[in-house]
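From a predicted model like this one, the values you see are computed outputs, not experimental measurements. Letters go in sequence order (proteins before strands), and every chain restarts at 1.
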2 protein chains.
Amino acid sequence: MRPTVHDIAAKAGVSLATVDRVLNNRPGVRGVTRDKVERAITTLGYVRDVAAANLAKSRIYPLIFILPEGDNTFMRGLAVEVEAAKVRSAVERTAITVLSVPAFDRAALATALEKARALAPAGVAVVAIDALEVVAAVDRLREDGIAVVTLVSDLPGSSRDHFAGVDNIAAGRTAGTLMGRFLSGREGPVAIVAGSMLVRDHRDRLEGFSAAMAESAPGRRLLPVIEGHDDPAEVENLVSGLVADHADLAGIYSLGAGNRGLIAALEKAGRQADICAIAHELTPHSRAALASGTLDALLNQDAGHEVRSAIRVLKARADGLAVIGAQERIRIEIFLRDNLPVEPA
Amino acid sequence: MRPTVHDIAAKAGVSLATVDRVLNNRPGVRGVTRDKVERAITTLGYVRDVAAANLAKSRIYPLIFILPEGDNTFMRGLAVEVEAAKVRSAVERTAITVLSVPAFDRAALATALEKARALAPAGVAVVAIDALEVVAAVDRLREDGIAVVTLVSDLPGSSRDHFAGVDNIAAGRTAGTLMGRFLSGREGPVAIVAGSMLVRDHRDRLEGFSAAMAESAPGRRLLPVIEGHDDPAEVENLVSGLVADHADLAGIYSLGAGNRGLIAALEKAGRQADICAIAHELTPHSRAALASGTLDALLNQDAGHEVRSAIRVLKARADGLAVIGAQERIRIEIFLRDNLPVEPA
DNA sequence: AGATTTCTGATTTACGTACATCAGAAATTC
DNA sequence: GAATTTCTGATGTACGTAAATCAGAAATCT
């Protein structure tokens with residue numbers, strides 16, 4: 001039978017109250033007594049029953065998620081995952097509020113962070129934009145003792161507690177190596193379509209991709225980066241132009257969202273089999289395109305994992321606990337048509 | 001504030017005892033009363049506090065894991081994950097026993113299953129061998145009302161409740177597509193090294209690989225399958241012979257364990273850069289080989305995920321609850337040198 | 001030595017659910 | 001209408017921890 005606080009009290013020859021003081025390092029215990037209790041704890045191998053402790057505490061964690069608006073599937077999926085977390089909030093003792101802000105709008109994001117600060121939550125998760133005013137807003141939250149986790153896109157210069165997202169340089173490198181190797185024995189330039197160079201994750205992916213391409217396919221020409229602002233219509237326009245202008249185009253790396261536009265452009269031009277296309281994020285559209293062969297590979301970050309990780313970290317930081325880094329690392333998933341998960345994602 | 005059983009009792013105008021009877025469908029409640037209570041439950045949006053419920057029940061789940069012996073890293077890693085689960089058993093209310101059996105020994109496995117049955121646990125997780133006597137032993141467990149989950153390698157003909165492992169046909173296909181595309185523009189045959197054709201997962205991987213190779217690289221010649229019994233020394237011998245015999249060998253797919261031998265053979269022959277090698281399971285050795293370029297790609301199943309999933313499913317089945325299929329699906333991870341996780345795995 | 005401060009113990013209530021017991025009310029049967 | 005049988009209520013205990021209160025013991029200071 002698993003030892004309880006009562007067993008420790010008996011073993012150490014002290015009262016329950018003293019054990020409680022030691023366990024929750026409250027003041028009022030002499031050094032010698034504290035040692036006695038701690039020895040009892042280790043010899044009995046006591047571990048606190050978290051369920052019972054939470055029950056007794058009946059603590060709740062008010063959390064705020066700040067998410068960008070816009071109709072790209074990944075961000076909507078992220079919002080869906082946050083909603084799913086809301087449903088679990090009863091079980092997880094969280095109270096989640098969502099604030100929506102226009103995409104790629106640094107001023108709006110800074111304002112939203114201030115608004116979140118006024119609500120005095122235990123923690124805030126935010127899809128960051130890499131801008132000074134955003135850094136400043138995050139730092140103010142931290143000064144108020146509010147835990148902050150960046151989600152999907154990081155904010156390295158700030159005092160945020162944690163980044164719940166993938167290593168985007170590595171993601172870009174992965175795409176670069178795949179592209180380089182898939183195109184071996186084939187001529188022609190490679191194009192890159194981004195959302196915006198304003199967000200950190202896109203910049204990082206570009207950096208990684210360029211570096212890996214230089215290594216795995218040294219002579220390959222990269223066309224100048226195109227920004228489609230994660231908007232399907234805009235991306236379709238840009239890619240259509242690209243394909244028309246470069247008859248010898250060998251590959252396209254789409255490092256942002258708006259892949260519906262990319263897919264449509266390739267298929268309308270009849271170049272879907274010809275051009276090696278690698279994109280990010282598993283959505284119904286990208287999934288179908290991968291299955292049909294329009295896309296050749298897909299990199300993915302699991303939005304559900306990211307949201308759940310962000311919540312775990314925020315709760316831990318709110319309690320002043322350390323997080324286990326390895327457990328909270330979000331992996332880059334690679335999908336080919338052969339290892340697509342069965343369920344539509 | 002979240003509603004409790006007391007709130008339901010008040011709302012429905014009944015006593016706590018009646019609410020309890022409805023919630024845990026115990027007998028002794030009239031139809032009308034039951035309806036009243038259920039209406040109160042839905043209108044208040046009551047959800048049972050699982051933590052408190054478990055605390056009150058103080059239920060424990062005795063589980064048995066049957067794992068193969070042998071010194072291949074993946075199975076040892078699996079054992080480590082089971083040990084890690086043992087550590088958490090206090091929190092998760094499980095009591096885990098491990099039985100070790102010789103690898104690839106169907107009779108020993110059947111005996112171990114009988115032994116497990118005699119211990120009358122709530123559930124059994126087993127790395128299966130595809131043999132009639134094993135199927136029979138599993139079916140006997142199920143007849144005794146013991147939940148059974150196959151781990152890593154499935155047993156399709158049996159009445160097991162669930163398979164906690166990857167789709168190995170898809171894994172093989174993935175390897176085949178990568179191999180085919182990585183070798184585009186290069187001549188030479190491809191070799192396949194398996195552990196044993198006795199286990200289902202290896203047979204499935206072979207099937208998938210052959211099919212995908214046929215599609216993505218139609219003319220490519222596949223050498224006959226070699227069985228290394230997941231033993232590093234044996235694998236090294238076999239691969240050394242293979243490399244010596246085939247100067248034009250373009251690729252090797254190692255679908256089992258014992259990759260230390262594969263890596264050593266390639267490096268001793270000086271063919272590590274020349275031959276495209278794809279293997280399974282991320283271990284310190286395979287990880288280093290991927291980083292250095294001896295291996296070109298690595299497919300992985302996360303042993304930790306599999307063990308945790310198996311435990312969740314066994315607990316759920318022991319309580320007669322359904323499992324959410326999508327949540328328990330184990331993904332095939334693809335690693336290139338660029339997306340290796342930072343921590344040694 | 002007396003007053004003060006600092007520790008420690010004993011005890012109690014609470015968290016939300018499970019489960020058992022017993023008594024009384026309601027419905028059913030004869 | 002009396003005797004059953006079947007429901008329902010009231011009440012209490014338990015799970016393991018948190019947290020508060022109060023009283024007494026020990027140490028420290030004057």
Please report the distance, rounded to the nearest Å, between CG in A/N25 and P in C/dC7. 15 Å

Would you check if A/L155 and A/V148 make a side-chain contact, meaning some heavy-atom pair closer than 4.5 Å? no

Nearest-Å distance for atom pair CD1/C1', residues B/I8 and C/dT17: 11 Å

Give every residue pair that meets the salt bridge (Lys or Arg N to Asp or Glu O under 4.0 Å) criterion with at least one member in residues 110-129 of chain A, sequence neighbours excluded. A/E114-A/R117, A/E114-A/R140, A/R117-A/D144

Nucleotide D/dT17, atom C1' - distance to CG of A/L55 in whole Å: 8 Å

Pair A/E333-A/Q301, side-chain donor/acceptor within less than 3.5 Å: no

Write down the distance between CZ (B/R34) and P (D/dT8), rounded to a whole number of angstrom. 9 Å

Heavy-atom distance under 4.5 Å between the side chains of B/Y61 and B/I311, does that happen here? no

Please figure out whether B/A52 or B/R26 has its closest DNA chain C nucleotide nearer the 5' end. B/A52

Determine, step by step, whether A/S100 and A/E69 satisfy the side-chain hydrogen bond (donor to acceptor under 3.5 Å, both in side chains) criterion, reporting the C-alpha distance in whole Å, the side-chain angles of both residues, the deciding distance to 0.1 Å, and the verdict. CA-CA 6 Å; A/S100 283; A/E69 291 160 4; 4.7 Å; no

Given that B/S15 and B/A56 both sit by DNA chain D, which one's nearest nucleotide is further toward the 5' end? B/S15

Let me know the distance between CG of A/D49 and P of D/dA14, rounded to the nearest Å. 18 Å

Scan B/G13 against the nucleic acid and name what it touches under 4.0 Å (heavy atoms): base, sugar-phosphate only, or nothing. sugar-phosphate

Which parts of residues 35-45 of chain B get close to DNA chain D, meaning a heavy atom less than 4.0 angstrom away? none

Ionic contact status for B/R160 with B/D154, cut-off 4.0 Å: yes

Atom-to-atom span, CZ of A/R48 to P of D/dG16 - whole angstrom: 15 Å

Per B/T4 side chain, nearest of listed nucleotides C/dA10, C/dC15, C/dT17: C/dT17

Nucleotide D/dA10, atom P - distance to NE2 of B/H6 in whole Å: 12 Å

Check the pair A/E38, A/D35 against side chain to side chain contact (heavy atoms under 4.5 Å, CB included), reporting the backbone distance first and the verdict last. CA-CA 5 Å; A/E38 272 164 359; A/D35 285 352; 4.1 Å; yes

Whole angstrom is fine here: how far is it from CZ in B/R30 over to P in D/dT5? 19 Å

Classify the side-chain pair B/R331/B/N300 by whether it contains a donor and acceptor separated by less than 3.5 Å. no

Which residues in residues 16-24 of chain A have a heavy atom closer than 4.0 Å to any atom of DNA chain C? A/A17, A/T18, A/R21

Pair B/D139, B/S158: side-chain N/O donor-acceptor within cut-off below 3.5 Å: no

